[in-house]
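See below for the structure under consideration.
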Amino acid sequence: MGKQTKKELVEQGYRIYAGQELDVYFNLSMCQHSAHCLKSDHAVFDTKRKPWIVTDNASGETVTKIIDGCPSGALQYLWKEEY
Ligand code: SF4
């Protein structure tokens, strides 16, 4: 399956955390609370902060690598050029 579009993600309940190079999408109802994302980079993922995801607090490469390791699919991303 290819990557989902913004419309598809939003329809499924993903929220958008916009950045300069890419946007991060998160769906709380899918999250398994494995804390993989939190352990990976606290500058980007921090549940004690609002918003809990700050996309631009690490490089796009770092952020996408972490998201690729999310076991549930609750985290997704779209690079700006993918829109
Ligand atoms: S890595 Fe994915 S499943 Fe694990 S806590 Fe983060 S968003 Fe939830």
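When a ligand or atom number is given, it counts from 1 through the structure's own listing order. A quick note: this is a predicted structure, and the numbers were derived from the prediction, not measured.
Heavy-atom neighbours of Glu61 CD from other residues, nucleotides or ligands within 6.0 Å: at or below the threshold of 12.
Closest approach of Ala74 and Ser72 over heavy atoms only: N-OG, 3.0 Å. The minimum heavy-atom distance linking Leu78 with Gln4 is given by the pair CD2-O, 3.7 Å.
Neither the backbone nor the side chain of Phe45 has a heavy atom within less than 4.0 Å of ligand 1.
If you chain together ILVMFWY residues whose side-chain heavy atoms come under 4.5 Å of each other, Phe26 ends up grouped with Tyr17, Leu22, Val24, Leu28, Leu38, Val44, Phe45, Trp52, Ile53, Val63, Ile66, Ile67, Leu75, Tyr77, Trp79.
The set of protein atoms (N, O or S) found at less than 2.8 Å from atom 8 (Fe) of ligand 1 reads Cys31 SG, by chain and number.
Under the side chain to side chain donor-acceptor pair (under 3.5 Å) criterion, Thr62 pairs with Ser59, not counting sequence neighbours.
A heavy-atom distance below 4.5 Å is found between the side chains of Lys6 and Ile16.
When each atom of ligand 1 is checked for a heavy atom of Phe26 under 4.0 Å away, the hits are 7 (S).
Sorted by first and then second residue, the side-chain hydrogen bond (donor to acceptor under 3.5 Å, both in side chains) pairs with a member in residues 18-41 read Asp23-Lys80, Asp23-Tyr83, Tyr25-Tyr83, Asn27-Ser29; sequence neighbours excluded.
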